[in-house]
Amino acid sequence: MAEFSVDEARERLVELLDRAESGEEIVITRFGAPSVWLQPARSGSTGGRFAAGVIAASWVAPAAGDSFDVGTDYWPDSSA
């Protein structure tokens, strides 16, 4: 089991993720005491890949003088 301080982990995060994903036990310490244990995520429903979802959206600007509320209004792209 390898231990790294928060500062060390910040500088070497990608390396530590790779090591944990390959099965190595990685512990990050805070003030000298164990705080977090890195381990690979369970594959679950995503099968170890990124989850499917919205990857793109199309927005059309409102006509001059019209208002547009980002929270509730949208217009589908008519060119699709």
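- Residue Leu38 is found in a hydrophobic cluster whose other members, listed by chain and number, are Phe4, Val6, Leu16, Ile26, Ile28, Val36; membership requires side-chain heavy atoms under 4.5 Å apart, directly or through intermediates.
- The side chain to side chain donor-acceptor pair (under 3.5 Å) pairs that include a residue from residues 9-18 are Asp7-Arg10, Arg12-Glu15, Glu15-Arg19, where partners are two or more places apart or lie in different chains.
- Residues in residues 25-36 take part in no side chain to side chain donor-acceptor pair (under 3.5 Å) pair, two or more places apart or across chains.
- Closest of all the heavy-atom pairs between Glu24 and Ala2 is OE2-CB, 3.6 Å.
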